[in-house]
There are 2 protein chains.
Amino acid sequence: MMANVNSYTWSMPTPDRTSLADIVAAGRDLLESDGPARLTMQAVADRVGVRAPSLYKRVRNREELMDLIAEASVRDLGARLRAVAEAEPDARGRLRALAVALREFAHAHPAAFHLVFTPPPGTSGSRPESLAVASAPLIEVAGELAGPERALDAARTVTAWANGFLGMELGGSFRLGGDLDAAFDYGIDALARALTASGD
Amino acid sequence: MMANVNSYTWSMPTPDRTSLADIVAAGRDLLESDGPARLTMQAVADRVGVRAPSLYKRVRNREELMDLIAEASVRDLGARLRAVAEAEPDARGRLRALAVALREFAHAHPAAFHLVFTPPPGTSGSRPESLAVASAPLIEVAGELAGPERALDAARTVTAWANGFLGMELGGSFRLGGDLDAAFDYGIDALARALTASGD
DNA sequence: ACCTGAACACCGTTCAAGT
DNA sequence: ACCTGAACACCGTTCAAGT
């Protein structure tokens, strides 16, 4: 028996009105422009032209959406850091270039930076592998400066400093005035000195 | 003419059923035990034995309550750091003792630590003066190690590192294994080396 | 399969009415 | 003056009903 495909009982499948990519992109825009508190399922739905419940066809819940935003952001950051690292063969110069690039990313996408490096309780943040890939150039240069023995400790010292500095800068926690560009510079040099000196 | 104080039109003022101190204490407990998302006006009210609307007699809104919790926490931290600093005259040993005390505080009160050093957008966090008082011992030792010229930059490098390390440790961002105690130790030594070396 | 309105539980907050 | 119930606006999320 043939399938019933008479023209009046059959109808074209309506094209989807949105997509996961659209939703994540809208979320990233909203996060940066309005802050996390106003990154609302309703607001995202408005922006992609659909009602809020429809988002749950593409995303399990708001937390997963936040994680997807963190994931997309960390990939962008990783690509940028990789490009910067390739352009600078000298280890000390590369440490500086990577730190500066990280700071530029933090200034350009402060909310995304915060989401990636300080995921709010309840969310998981970006996938661990993605964060590892993005951090690889920094870990590598730390190893070059401090030696393979101390690579991990050295990398953690650098990332902790950078993360802390940028988090405090974005959060307005440096309240004693002074030149933050110079303070960042001082920090880079101090760490380069410290990692280079053996310490044994 | 005498005031009307006939016994049947006059009544004892009921004693207050709670206080600002009670509310802040309940908030601190809840924050640490249940996390910021469940630090709810309703939950605080339940704990102090009143209805949620009554809290607004003592506190402007939830954000102010969060700020009061941050303020109380930073004062505790400041007192602890001051005591540690007084007990250790050697600058390098004092840097280590302060860093360790800060880490102990972060481990003992992780949610409060996070609230103080990464106040969520919308809140103001603790009063700037209170944070300055709490940070004073660290700024002072940084100045002793790096010299008065570089005191502020050096202090920012140390606090950025400590803040970043502990934020990442509490947030579970160190995912490559290894000994975190040793990594923290390495960081302290690296910073002490870096601040001591002139860099000019 | 995707989309929607309606509904639910749960927030923070306000306010008139009680004592 | 403090406390309360009731109400409001606004969340995230579920689900039956539509196409």
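Computation of the quantities below employed the complete heavy-atom set of this structure, encompassing side-chain atoms and omitting hydrogens, waters and symmetry-equivalent molecules. Chain identifiers are assigned alphabetically (A, B, ...) following the order of the sequence lines, protein sequences preceding nucleic acid strands; residue numbering begins at 1 within each chain.
Remark: P of D:dT13 and CD of A:E64 are 10 Å apart, rounded to the nearest angstrom. For A:I23 and C:dC3, the CD1 to P distance is 8 Å, given to the nearest whole Å. Protein atom CG of A:L55 is 12 Å distant from nucleotide atom C1' of C:dC2, rounded to whole Å. The CG-P distance, from A:N61 to D:dT14, rounds to 8 Å in whole Å.
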Both atom distances under 3.5 Å, Watson-Crick or G-U wobble: I'd like the secondary structure of DNA chain D as a dot-bracket string, with | for pairs made across strands. ||.|||||...|||||.||

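Taking 4.0 angstrom as the limit, A:R60 places none of its side-chain polar atoms (N or O) nearer than this to OP1 or OP2 of D:dT13. At C:dC10, none of the side-chain N or O atoms of B:R38 fall inside 4.0 Å of OP1 or OP2 (strictly under the cut-off).
Looking at A:R156, its side chain never comes within 3.5 Å of a backbone N or O of B:F184 through a donor-acceptor pair. The closest donor-acceptor contact from the side chain of B:S73 to the backbone of B:I69 lies under 3.5 Å. Side-chain atoms of A:E63 never come within 3.5 Å of backbone atoms of A:T123 as a donor-acceptor pair (strictly under, hydrogens ignored). With B:R60 contributing its side chain and B:L65 its backbone, the two residues share no donor-acceptor pair below 3.5 Å.
Closest contact between the side chain of B:R62 and the listed nucleotides C:dC2, D:dT13, C:dG12 involves C:dG12. Nearest to the side chain of A:Y56, among C:dC3, D:dT4, D:dG12, sits D:dG12. The side chain of B:P53 approaches D:dG5 more closely than any other nucleotide in the set D:dT14, C:dG12, D:dG5. With D:dC2, D:dT13, C:dT13 as the candidates, the nucleotide lying closest to the side chain of B:K57 is D:dC2. Set against C:dC3, D:dC3, C:dG12, the side chain of A:R58 has C:dC3 as its closest nucleotide.
A ring pair (Phe, Tyr, Trp, His ring centres under 6.0 Å) check over residues 74-105 of chain A, counting only residues at least two apart or in different chains, returns the pairs A:F105-A:H109.
In the region residues 39-51 of chain B, proximity to DNA chain D at under 4.0 angstrom, judged on heavy atoms, holds for B:V50, B:R51.
The residue B:S19 sits apart from the nucleic acid: no heavy atom pair falls under 4.0 Å.
Salt-bridge check for B:D76 with B:R28: passed, with a basic side-chain N closer than 4.0 Å to an acidic carboxylate O.
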